[in-house]
Amino acid sequence: MLGNNGDEEAVPTLITALQTEKSSMVRETVAWALGQIGGEEALKGLTSQLALETDASVLEELKKALNHCK
């Protein structure tokens, strides 16, 4: 999994998936991965999505990921 590898090169692709993926389960997993990878770019992507997300389970994972990133 990309989150376990910590590969920051995956962050732009993960952010795109977070913004465009229809499946809430996939968005949750992407948020987790971004939280695991961390870094400024991941933090910006997570923060941006937090303001737009409407699914409660994804919002919860976004918050967890943001806490892990900091």
Side-chain angles (χ1 to χ4, degrees):
M1 290 200 74
L2 292 172
N4 290 331
N5 292 339
D7 185 358
E8 290 188 24
E9 290 183 18
V11 170
T13 301
L14 288 170
I15 291 171
T16 298
L18 187 62
Q19 295 169 341
T20 62
E21 180 58 50
K22 292 182 194 239
S23 167
S24 60
M25 184 180 289
V26 172
R27 290 194 315 277
E28 284 179 52
T29 303
V30 170
W32 173 86
L34 287 167
Q36 295 298 307
I37 294 170
E40 189 173 322
E41 190 175 4
L43 187 60
K44 285 180 185 177
L46 290 165
T47 302
S48 294
Q49 189 63 23
L50 187 64
L52 302 172
E53 187 58 58
T54 59
D55 185 279
S57 61
V58 180
L59 281 168
E60 180 76 20
E61 194 59 47
L62 285 165
K63 290 173 187 175
K64 289 179 190 176
L66 281 165
N67 285 331
H68 194 269
C69 258
K70 294 179 181 178

*What's the spacing between Leu50 CG and Glu61 CD if we round to 0.5 Å?*
12.0 Å
*About how many Å separate CG of Leu46 and NZ of Lys64, when rounded to the nearest 0.5 Å?*
13.5 Å
*What distance do Ile15 atom CD1 and Gln49 atom CD have between them, rounded to the nearest 0.5 Å?*
10.0 Å
*Could you tell me which non-hydrogen atom of Cys69 sits nearest to which non-hydrogen atom of Ala42, and how far apart they are?*
SG-CB, 4.4 Å
*Compare every heavy atom of Gly35 with every heavy atom of His68, then report the nearest pair and how far apart it is.*
ND1-O, 2.9 Å
*Joint cluster assignment, Met25 & Leu59, ILVMFWY side-chain distance < 4.5 Å*: no
*Taking all non-hydrogen atoms of both residues, which atom of Leu14 and which atom of Ala33 are closest, and how far apart?*
CD1-CB, 4.1 Å
_Listed once per pair and sorted, the salt bridge (charged side-chain N to carboxylate O under 4.0 Å, His left out) pairs that draw on residues 38-58, sequence neighbours left out_ = Arg27-Glu53, Glu40-Lys44
*Nearest-0.5 Å distance, CD1 of residue Ile37 to CG of residue Leu43*: 13.0 Å
*Nearest heavy-atom neighbours spanning Leu62 and Ala31*: CD2-CB, 3.8 Å
